[in-house]
Structures are given as C-alpha cells and as structure tokens.
Q: 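Handing you this structure, nothing more for now.
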Amino acid sequence: MKRTTYAGSVDESYLGKEVVLKGWVQKRRDLGNLIFIDLRDRKGIVQLVFSQEFDADALASADTLRSEYVIEAVGKVVPRADGAVNPDMKTGKIEVEVHQVNILNKAKTPPFYIQDDINASDDLRLKYRYLDLRRPEMQRGLLIRNRITQAVHRYLDSNEFVDIETPYLTKSTPEGARDYLVPSRVYPGHFYALPQSPQLFKQLLMGAGFDRYYQIARCFRDEDLRGDRQPEFTQIDLEMSFMTAKEIQEMTEGLLKAVMKEAVDFELKTPIPRITWNEAMDRFGSDKPDIRFAMELHDMSEAVKDGGFKVFDSVLENGGQVKAIAVPEGAKAYSRKQIDAKQDYIKRFGAKGLAWVKVTEDGLQGPIAKFFKDKTGSIKAAAEAHEGDLILFVADKRKVVADSLGYLRTSIAKEMDMIDKSAFAFIWVVDWPLFEYSEDFERYIAAHHPFTMPNEEDLDLLKTDPHKCHAQSYDIVLNGYELGGGSIRIHRRDIQEQMFKALDFTKEKAEEQFGWFMEALDYGFPPHGGLALGLDRFAMLLAGKDNIREVIAYPKNSKASEPLTNAPSFVSGKQLDELFLKPEIPADAKVNKPEE
RNA sequence: GGUCCUAUGGUGUAGGGGUUUAUCACGCCUGCCUGUCACGCAGGAGAUCGCCGGUUCAAAUCCGGCUAGGACCGCCA
C-alpha cells in the first residue's frame with residue numbers, strides 16, 4: 001500500500017477521501033469498543049478512530065497497539081462532531097475512521113517519552129538518539145538547519161559561487177588547535193591530520209582562479225568541548241578574490257539576509273552595524289558583544305581618582321583601569337550575598353575583587369561608599385547610573401576588567417531578564433589586533449590566523465613593531481556568540497614571510513611547514529579574502545537553543561565520546577599492526593569508557 | 001590540568017542515621033468502559049538507593065576513594 005499523505009498533513013481538503021497513512025503510535029486512548037490512536041509522522045499528528053461501526057478487525061488490532069508501534073492505516077477522513085473538535089491540534093477538526101490497520105513493527109516501551117519538554121538526561125538522550133530525534137522539537141531544529149543550508153546553496157549559487165570540496169585527510173600544521181591525526185598505512189610513522197578548517201585549500205582555489213568559492217565543510221579540532229563547541233563542527237566556508245573587506249562583508253550580509261528570511265522568516269536590516277575590536281572591548285568587555293541590551297562598561301578612572309580608596313588608586317597608578325557597569329534597579333535585586341557570589345565567580349578571570357555601591361535617595365551606599373561621599377554626582381554621571389541602580393566596579397589590568405565586567409554584564413542581564421529573546425542582534429567586530437600574546441607559549445601568536453593581512457597603514461609596522469599591527473579581519477557576532485569570522489588574506493610572499501618571522505618561525509621552519517603554500521603566492525596570486533560561519537551555532541541560535549548538540553543529529557557528549565556507538569573505542573591488534581602503532585598507556589591513565 | 005554540581009523502580013523525583021515493607025507522578029501490565037485527546041475507573045508488577053571501602057549496634061542517609069554525567073576556567077590560530 002502506498003502512503004497517500006503525511007499524518008500531519010491531513011486537513012479538511014481530504015474530507016470524504018480515503019487515505020493511507022504510515023507512522024508511529026503516539027498515544028492510544030482505549031474506551032472499550034471505541035479506540036483513538038494518535039498517529040505521528042514528521043509532519044505532525046492525526047487522530048485515528050477505531051470502532052465496530054467501521055471495522056471490527058481493525059478495532060481488535062487497535063486493541064493490541066502500543067506506543068511507538070509502526071503502523072499503516074487505511075481510512076476515511078471525516079469531520080469531527082461539534083463537541084469533539086480539538087482546537088489545540090492542527091488536525092483537530094478532522095479524524096480518520098480506520099477500516100484497515102497493519103502493524104509494520106512492534107516497539108519496546110521507550111526509555112523516555114517521545115514528546116517535547118522531556119527532562120531526560122543528555123546521556124540517555126544521546127544513547128537513544130534515534131528516539132530523541134523522533135521528538136518534534138528535535139526535528140524542528142534539524143529542519144531549521146536544513147533550511148539554512150538550502151538557503152546558503154541557493155544564495156551563493158545565484159552569486160556565482162562555486163561549491164568545491166577539499167580534503168579531509170590532509171597535513172598537520174603548527175599553530176591553532178590540536179589536530180586529530182590519522183595514521184598512514186602506506187607510510188609507517190606518518191600521519192594525516194583532519195582539517196581544522198579548509199583555510200589554505202580555499203586560498204589556493206583563489207590562486208586557481210575560481211574567484212568565488214564556498215563549501216559547507218566539516219572541521220575538526222581536538223580541544224575540550226563546550227555548549228557551543230564540538231570536536232567536529234560545520235562551517236559555511238567562503239572565499240572571494242578581488243574584493244575588499246567591506247565588499248566581503250556586504251556579500252555576507254546578503255547571505256545572512258537570505259538565510260534569516262528563509263530559515264526563520266526574519267527581516268534582517270542591513271547594513272549590519274560595525275564596531276572596532278577596541279570599542280567592543282571598551283564598551284562591552286567582550287570581543288563578541290551581545291547588543292540585545294545596553295548596560296555598557298564605563299570608565300570610572302576620573303570619577304574615583306583620589307577618593308582615598310587604595311585599591312582603585314594603586315591600580316590607576318600602575319596603569320590599570322577602573323571600570324563599572326550600572327545595573328538598572330539592581331540595588332534591590334542584588335543582596336550582598338549574591339554580589340559576593342559574583343565576586344567569587346569573576347576571580348576565575350583574574351579579578352581580585354568586586355567593589356560595589358548602591359545608588360539610593362540618600363546617596364551611595366555600601367562598604368566603599370565612604371570614600372566617595374563628595375563624588376556621588378560624578379560617579380553617577382560616569383556610570384550613567386540612576387537612583388535604585390547597583391554599580392559594580394572592577395579595577396585591574398585591561399583584560400581582567402574586560403573579562404570580569406563582560407561576564408557580569410551578560411550574566412546579570414540574563415538573571416534580570418533584560419534580554420529580548422525574540423531578537424537577532426548581529427554586529428560586525430572589525431579591526432582586530434593581528435597578534436595576541438600567549439602566556440602558554442611565551443610568544444605572540446596570530447589572533448586570527450597567520451594568513452591574515454595587516455591593515456595597509458600597518459605594513460611598515462609589521463617589520464619594526466609587528467605586535468602593534470591591526471588586521472583586516474572581522475567577526476560576525478549574533479546575540480553574543482561568535483557566528484563567524486574572516487579576513488583579507490596575505491597574497492604576497494614577502495608579507496607572508498614577515499608574518500612568519502613575527503611569529504618567531506625560523507626561515508627553515510616556515511619553509512618546511514608552509515613552503516608549498518608560499519610557493520603558490522609566487523605564481524600570480526590574486527588579492528582575496530573570505531569568511532567562515534559556524535553552521536551549528538547559527539542553527540542553534542535560530543532554533544532558540546543554548547547548546548549546539550540540539551541541532552546536531554549525532555553529537556559527542558561533553559567528554560567527547562558518543563554514547564550511541566560508544567566511540568571512540570579500542571581497535572584490534574591487527575589494525576594497530578597494519579598502522580605500525582603500539583599504544584603505550586601509562587598505568588594511571590583512564591583507559592575504559594562506560595560499558596566496556 | 002583545575003573548580004563546582006549531580007547520581008534513588010523504565011523516566012522524573014521525595015526522603016539527609018532506626019517509625020521505610022523507600023515517597024509521589026508519569027509510564028508499564030491486567031480488567032471494565034462508544035467521543036477521547038494529560039481519557040476515566042479498579043487492580044497489579046517493577047529499586048539489591050552508581051561502585052568500593054570506612055565510621056556506627058544500625059548507612060539510601062555521615063566520611064573517603066572511584067566511576068559516570070553536567071556546567072565552568074584553562075584550551076579552542
């Protein structure tokens with residue numbers, strides 16, 4: 001029997017017609033000689049009715065049906081009686097009088113309900129991911145993801161972009177994240193690496209003359225996981241020749257506009273606002289500011305200077321900053337205990353403390369208020385605070401101040417419900433530093449990546465004082481998440497060589513690692529640049545989720561394993577022998593995963 | 001590598017040394033029921049309270065270790 005339509009698609013246009021439906025039993029309501037079955041497929045749910053009046057055999061069969069049985073049902077679509085209409089259901093005005101039903105497969109009772117708003121653990125959901133994915137909410141997320149990628153293909157195709165695949169088995173390169181390695185059977189002791197991104201391959205495609213490339217590409221980074229980070233993730237990867245940073249951003253805005261329209265029917269206004277990296281750090285304490293709410297950081301140096309509060313004074317004398325945010329109506333909302341908890345939290349960013357005052361009708365109140373009795377007006381003005389507000393101060397080095405207040409800003413905004421959850425607030429963060437100092441490596445590393453073009457006016461600095469250079473790079477930020485980033489790339493060998501030099505590469509090391517790439521720059525390489533968007537994060541944000549696992553069909557758990565297949569796993573000695581591998585596992589190493 | 005939180009029938013939970021035969025809800029099973037849609041009613045089954053050890057006359061409960069999961073810091077060019 002051929003399915004005539006989806007269960008969830010049956011509507012009044014089918015009235016009087018015979019339909020063949022296939023799907024899962026969502027729910028059985030057995031009233032004796034009258035049985036209702038909610039039949040579910042990916043389009044929704046329709047009510048089946050079984051009665052002797054339609055077919056006695058079908059009624060008998062319906063009695064044996066259980067949740068999640070897979071069935072096919074033949075019946076007539078009829079209107080429901082006046083009192084039996086269910087206004088909460090899309091298909092609530094009709095039902096299907098079944099005169100034939102076949103069980104296609106039985107089902108065990110699932111470990112959790114196949115419905116939205118379950119609170120089963122993530123572990124259980126991942127182990128039975130195929131059941132989790134039956135839930136409409138999960139299907140909705142994957143369908144939004146699908147609409148995004150379909151819109152991307154359409155928009156880019158209509159703008160002359162060429163979809164080209166790049167290798168997954170490629171060369172390990174220094175810098176950046178830890179690589180996933182794949183041993184070579186043919187070359188003992190040699191390894192491929194899974195790509196952290198198609199970066200150099202897409203640049204070479206510019207060298208090849210394709211001038212507009214895109215790929216929805218999987219990327220791999222062997223680092224610890226977070227809610228917005230998986231070891232394998234998907235980028236919408238773009239690269240363009242002969243375009244300025246501004247032109248690339250405009251092309252991206254066109255893409256975002258198309259995606260927002262098609263995926264969630266949101267009218268994105270362009271141009272998207274731009275902010276420099278410096279301004280983002282100063283005003284929001286973050287390089288990925290959430291601009292759905294204000295509560296910006298304010299420099300309090302002048303207002304608190306010479307107040308006699310030693311903590312502030314000594315920080316300022318040592319070239320640090322005193323900055324603050326004013327929490328609207330925060331004086332009542334935050335108890336001393338809650339402020340202390342915030343203080344404990346920001347210590348992880350290096351903050352030594354969190355100073356605060358409450359703005360009341362009698363002036364400032366709080367442990368440090370006594371230092372600023374005659375400065376109430378200037379403090380209120382500097383912090384843009386009003387009566388009833390709570391002013392939170394952090395005094396420290398620039399980065400500590402930014403991290404701490406940036407965190408406080410977003411966490412308090414969430415707690416105080418200051419965020420419009422229906423908003424999609426995009427912003428470009430431009431003019432990034434070219435380098436950042438790594439405490440770990442005790443040297444400068446590329447802030448974006450080593451192929452990023454410095455600002456034209458900084459090209460001389462690259463030779464003399466490279467670490468002051470800013471870059472022609474840009475991030476696109478959505479609701480406080482780094483949605484994507486890109487840059488104009490270096491297309492001249494001399495600049496690329498200077499870049500490696502600034503990164504403390506010896507000439508030999510640069511040649512060994514990237515000689516193959518730099519040689520390409522010698523053969524008429526066009527100016528070019530591009531950008532990559534994180535598809536998982538994009539889908540997460542458009543689906544209104546707070547974890548990218550919710551929009552990935554088969555994600556890893558937070559310990560980088562996959563409970564469904566139980567990957568990673570041990571392999572046979574034969575497999576290891578073929579690859580010339582011999583694991584040496586320290587006695588204290590954790591080697592077993594659950595259920596091994 | 002570090003910090004914090006969690007672990008009790010299939011699922012989610014209550015219980016924080018002995019009034020426990022471990023609470024409740026949903027689910028599951030059996031029976032009844034012709035207008036349900038969170039169907040209803042009656043009955044029933046289902047848990048060695050994550051694992052190991054310690055304290056104690058007595059441990060689901062207190063302590064230690066381990067394991068697993070989650071969040072965060074580091075890490076993520």
Side-chain angles (χ1 to χ4, degrees), chain A residues 26-39 45-54 59 63 66-68 80-89 91-92 95 97 108-115 117-128 131 173-179 196-197 199-200 219-231 233 341 344-350 403 407 411 432 434-436 438-441 444-452 471 473 482 485 487 499 503 532 534 546-547 549 557-559 561 563 590 592-596:
Chain A
Q26 177 69 28
K27 187 79 187 174
R28 181 181 61 127
R29 287 181 296 279
D30 182 352
L31 278 66
N33 282 318
L34 180 69
I35 294 177
F36 298 99
I37 296 283
D38 286 341
L39 183 72
I45 285 175
V46 73
Q47 175 164 280
L48 311 180
V49 198
F50 297 79
S51 162
Q52 284 168 333
E53 292 164 28
F54 318 136
L59 177 67
D63 194 44
R66 295 293 181 271
S67 288
E68 299 310 308
R80 295 201 195 179
D82 277 350
V85 167
N86 184 344
D88 298 330
M89 273 177 89
T91 60
E95 61 192 5
E97 292 177 350
K108 285 167 51 172
T109 303
F112 48 81
Y113 311 129
I114 311 301
Q115 61 186 47
D117 299 320
I118 58 165
N119 47 358
S121 71
D122 281 12
D123 205 27
L124 196 68
R125 289 175 52 204
L126 290 177
K127 184 172 175 187
Y128 296 96
L131 298 180
T173 52
E175 302 278 305
R178 190 178 296 110
D179 281 327
Q196 294 178 30
S197 82
Q199 185 59 36
L200 293 177
C219 306
F220 306 86
R221 297 178 188 177
D222 187 2
E223 299 291 349
D224 286 343
L225 290 79
R226 287 286 189 284
D228 63 351
R229 270 166 35 193
Q230 283 270 314
F233 61 99
D344 285 345
Y345 194 88
I346 62 172
K347 282 180 178 167
R348 70 185 57 191
F349 303 112
D403 287 351
Y407 161 77
S411 86
W432 286 61
L434 188 57
F435 300 96
E436 62 190 6
S438 164
E439 308 277 350
D440 243 31
F441 295 103
Y444 282 87
I445 59 173
H448 184 55
H449 58 55
F451 314 101
T452 302
S473 61
E482 180 195 340
S487 61
M499 186 72 189
L503 287 166
D546 56 9
N547 195 307
R549 285 198 294 249
N557 69 14
S558 73
K559 300 282 166 66
S561 84
K590 201 188 79 178
N592 287 311
K593 296 195 298 83
E595 298 177 36
E596 270 188 332

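By convention in this document, chain letters (A, B, ...) are assigned in the order of the sequence lines, proteins followed by strands, and residues within each chain are numbered from 1.
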Q: With a 3.5 Å cut-off and just heavy-atom distances, do the side chain of A:Tyr113 and the base of B:G10 make a donor-acceptor pair?
A: yes
Q: Assuming nearest nucleotide by heavy-atom distance, tell me which of A:Phe54 and A:Arg28 is located more 5' along RNA chain B.
A: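 Its nearest nucleotide lies further toward 5', so the answer is A:Arg28.
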Q: Could you give the distance separating B:G46 and B:U30 at their P atoms, to the nearest angstrom?
A: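 Rounded to whole Å, the distance is 16 Å.
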Q: Which whole number of Å gives the distance between the P atom of B:A77 and that of B:G17?
A: 49 Å
Q: Could you please name the option among B:U34, B:G10, B:G35 that lies closest to any side-chain atom of A:Pro111?
A: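 So the side chain of A:Pro111 is nearest to B:G10.
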Q: Pick one: which of A:Asn86, A:Val85, A:Val49 meets side-chain contact (heavy atoms from CB on, under 4.5 Å) with A:Glu95?
A: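 For A:Glu95, the side-chain contact (heavy atoms from CB on, under 4.5 Å) check succeeds only for A:Val49.
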Q: Closest approach to the side chain of A:Ala177, judged atom by atom: which nucleotide of B:C76, B:G27, B:U34 is it?
A: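 Of the options given, the side chain of A:Ala177 lies nearest B:C76.
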Q: What interatomic distance, in whole Å, is found between P of B:A22 and the corresponding atom of B:C49?
A: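 B:C49 and B:A22 have their P atoms separated by 11 Å.
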Q: Can a donor-acceptor pair be found, under 3.5 Å and without considering hydrogens, that links the side chain of A:Arg28 to the backbone of A:Asp63?
A: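 The answer is yes, because a donor-acceptor pair under 3.5 Å joins these two groups.
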Q: B:C33 base to A:Arg29 side chain: any donor-acceptor pair below 3.5 Å?
A: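 Counting by modelled atom types and ignoring angles, no donor-acceptor contact under 3.5 Å is found here.
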Q: Which nucleotide in the list B:G35, B:C28, B:G70 gets nearest to the side chain of A:Arg549?
A: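 Of all the options, the side chain of A:Arg549 is nearest to B:G70.
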Q: With a 3.5 Å cut-off and just heavy-atom distances, do the side chain of A:Arg226 and the base of B:G74 make a donor-acceptor pair?
A: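 When only heavy-atom distances are counted, A:Arg226 does reach the base of B:G74 through a donor-acceptor pair under 3.5 Å.
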Q: Which base sits across from B:C66 as a Watson-Crick or G-U pair, both distances under 3.5 Å?
A: B:G50
Q: Can a donor-acceptor pair under 3.5 Å be found between the side-chain atoms of A:Asp88 and the base atoms of B:C37?
A: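 Donor-acceptor pair under 3.5 Å: no.
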Q: Ignoring the backbone of A:Asn86, work out which of B:C37, B:A77, B:C75 is nearest its side chain.
A: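 My answer, after comparing the listed nucleotides, is B:C37.
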Q: Which whole number of Å gives the distance between the C1' atom of B:C75 and that of B:A38?
A: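 It works out to 47 Å between them.
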Q: Output the single nucleotide from B:G70, B:C28, B:A77 whose closest atom is nearest the side chain of A:Lys559.
A: B:G70
Q: Tell me which nucleotide, if any, is Watson-Crick or G-U wobble paired with B:U3 when both distances must be under 3.5 Å.
A: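 B:A71 - that is the nucleotide pairing with B:U3, both distances being under 3.5 Å.
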Q: I want to verify a distance call: between B:G70, B:C37, B:G74, whose nearest atom is closest to the A:Arg229 side chain?
A: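 The answer is B:G74.
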Q: How far does the C1' atom of B:A45 sit from the matching atom of B:C28, given to the nearest Å?
A: 9 Å
Q: Whom does B:C39 pair with, Watson-Crick or G-U wobble, provided both distances fall under 3.5 Å?
A: none
Q: Any stacking of A:Phe112 on B:U11, going by centres under 5.5 angstrom and planes within less than 30 degrees?
A: no
Q: Picking from B:G27, B:G69, B:U34, which would you name as closest to the side chain of A:Ser558?
A: B:G69
Q: From the options B:G70, B:G35, B:G27, select the nucleotide whose nearest atom is closest to the side chain of A:Lys27.
A: B:G27
Q: Using a heavy-atom cut-off of under 4.0 Å over every strand shown, decide if A:Glu53 touches base, sugar-phosphate, or nothing.
A: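 Since a base atom lies under 4.0 Å of A:Glu53, the category is base.
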Q: Among the candidates B:A68, B:G1, B:U11, find the nucleotide nearest to the side-chain atoms of A:Asp224.
A: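 Among B:A68, B:G1, B:U11, the one nearest the side chain of A:Asp224 is B:G1.
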Q: Using the P atom on both, measure B:C73 against B:U61 and round to a whole Å.
A: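 Looking at atom P only, B:C73 and B:U61 are 33 Å apart.
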Q: Is any N or O donor-acceptor pair between the side chain of A:Ser197 and the base of B:A77 shorter than 3.5 Å?
A: yes
Q: Where the side chain of A:Glu223 is defined as all heavy atoms beyond and including C-beta, which of B:G35, B:C76, B:G69 is the nearest nucleotide?
A: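 It is B:C76.
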Q: Just to be sure I understand the rule, does A:Asp123 reach a base, reach only the sugar-phosphate, or reach nothing, if contact means heavy atoms closer than 4.0 Å?
A: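 Here A:Asp123 touches the backbone only, sparing every base.
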Q: Please give the distance between the C1' atoms of B:C5 and B:U23 as a whole number of Å.
A: 24 Å
Q: Taking atom P in both B:G54 and B:A60, compute the distance separating them and give it to the nearest angstrom.
A: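 After rounding to an integer number of Å, I get 14 Å for this pair.
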Q: Can you tell me if the side-chain N/O atoms of A:Asn33 get under 4.0 Å from OP1 or OP2 in B:G35?
A: no
Q: Before accepting this row, confirm whether a basic side-chain N of the pair A:Arg229/A:Asp224 lies closer than 4.0 Å to the acidic partner's carboxylate O.
A: no
Q: Please tell me if A:Arg66 has a side-chain N or O lying less than 4.0 Å from either OP1 or OP2 of B:C29.
A: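 Yes, within the criterion.
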